[in-house]
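A short worksheet on the structure shown next.
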Amino acid sequence: MQRSPSFALLPGLLLALCAGSALAADNGKINTLGNASAKAPVMSRDELRVCLKQQDTLKARAEDAKAKRAQLDAERKQLEADKEAIAAEHAALAARIEKTANDFNAKVAEQTKTVEEFNAKMEAMNKAAAKGDNVERQRQKLEREGKAIQQASDDLNAQNKVLNDQIAVDKAAFDTKNTAFQARADDWNTRNRAMDTTAAEYDMDLDAWKKQCGGRNYREIDEKVIRSGG
């Protein structure tokens with residue numbers, strides 16, 4: 001007995017045909033990565049994949065550069081504040097050293113005058129002694145005075161050493177701080193120049209991407225497939 005042909009698969013076939021029609025319709029939607037004209041060529045899926053990957057890479061580079069630039073700007077403000085503080089500290093140190101020197105030199109000048117007056121009295125006494133005058137009491141007085149003057153001179157010399165040692169310590173401390181600041185400033189300048197180079201390279205790569213990808217169209221379905229890992 002001859003059997004009638006089976007049409008059990010027809011509904012599935014129709015469903016598949018419908019799906020194919022929907023795919024074909026979606027496949028016709030055209031987008032652009034830039035400002036491509038409607039007449040611009042349409043990229044293949046592989047070409048679009050390359051362009052999208054480059055676009056993602058450029059976006060990541062831009063975000064990284066933005067974060068680094070923000071960090072550099074924050075550091076620059078701190079460096080400017082530290083520079084002003086160091087300049088103020090340097091001025092204060094210079095003023096303190098100058099005042100210390102002036103005060104000490106005033107003491108030295110006073111001591112020098114005292115020594116000169118003492119020497120004049122000694123000279124007068126010696127002349128009187130040469131004439132035969134009795135200057136013994138005056139000599140004893142001047143000897144005591146001379147010892148006190150010598151002690152004062154020794155004290156000034158000791159004070160001079162203490163002051164010079166302290167100035168040397170203060171200068172060394174300032175130089176250490178200033179050297180550390182300069183190292184930070186040099187490091188910032190190096191990284192800032194590197195950022196300028198990175199920005200220039202990014203601009204070149206972005207321009208190249210725009211020429212390669214921005215002036216062309218692509219099928220939206222191709223992007224969906226690529227984004228989904230296809």
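A distance-only check finds a donor-acceptor pair linking the side chain of Glu47 to the backbone of Ser44 [under 3.5 Å]. The backbone N or O of Leu72 lies less than 3.5 Å from no partner atom in the side chain of Asn192, so there is not a single donor-acceptor pair. Between the side chain of Thr32 and the backbone N or O of Asn217, no donor-acceptor pair lies under 3.5 Å. Judged purely by atom type and a 3.5 angstrom limit, Asn160 has no side-chain atom pairing as donor or acceptor with the backbone of Val162. Remark: side-chain polar atoms of Gln55 are not paired, donor with acceptor, to backbone N or O of Cys213 under 3.5 angstrom.
Between Leu142 and Met122 the shortest side-chain heavy-atom distance falls below 4.5 Å. No side-chain heavy atom of Thr100 sits under 4.5 Å from any side-chain heavy atom of Gln166. Under the 4.5 Å side-chain criterion, counting only non-hydrogen atoms from C-beta, Leu156 is in contact with Phe104. In this structure, the side chains of Leu33 and Leu52 come closer than 4.5 Å at one or more pairs of heavy atoms. Counting heavy atoms from C-beta outward, Ile30 and Glu220 have side chains that stay 4.5 Å or more apart. The shortest side-chain heavy-atom distance between Met125 and Arg139 falls under the 4.5 Å cut-off.
The residues Arg49 and Asp46 are annotated as salt-bridged, a charged nitrogen and a carboxylate oxygen being separated by less than 4.0 angstrom. With respect to the salt-bridge test (charged N to carboxylate O, under 4.0 angstrom), the residues Arg45 and Glu223 do not qualify. Looking at Lys171 and Asp175, no side-chain N of the basic residue comes within less than 4.0 Å of a carboxylate O on the acidic one, giving no salt bridge. Taking a cutoff of 4.0 Å between a charged side-chain nitrogen and a carboxylate oxygen, Asp196 and Arg69 qualify as a salt bridge. Using a cut-off of 4.0 Å between Lys/Arg side-chain N and Asp/Glu carboxylate O, Asp73 and Lys68 are scored as not salt-bridged.
For the side-chain hydrogen bond (donor to acceptor under 3.5 Å, both in side chains) condition, the pairs that include at least one residue of residues 202-215, sequence neighbours left out, are Arg61-Asp205. Counting only residues at least two apart or on different chains, the salt bridge (Lys or Arg N to Asp or Glu O under 4.0 Å) pairs with a member in residues 120-130 are Lys121-Glu145, Glu123-Lys127. Residue pairs meeting the salt bridge (Lys or Arg N to Asp or Glu O under 4.0 Å) criterion with at least one member in residues 147-164, sequence neighbours excluded: Lys161-Asp165.
One distance of note links OG1 of Thr198 with CG of Asp64; it measures 8.5 Å at 0.5 Å rounding. The CD atom of Gln159 sits 10.5 Å away from atom CG of Asn164, with the distance rounded to the nearest 0.5 Å.
Apart from Val169 itself, the hydrophobic cluster it occupies contains nothing, where clustering links Ile, Leu, Val, Met, Phe, Trp and Tyr at side-chain heavy-atom distances under 4.5 Å.
Between Asp56 and Arg227, the shortest heavy-atom distance links the atoms OD2-NH1, 3.2 Å. Arg184 approaches Asp82 most closely through the heavy-atom pair NH2-OD2, 2.8 Å.
Residues satisfying the side chain to side chain donor-acceptor pair (under 3.5 Å) criterion with Asp133, sequence neighbours excluded, are absent altogether. Residues passing the ring pair (Phe, Tyr, Trp, His ring centres under 6.0 Å) test with Phe174, sequence neighbours excluded: His90.
In the displayed structure, Glu89 atom CD is contacted under 6.0 Å by more than 12 heavy atoms of other residues, nucleotides or ligands.
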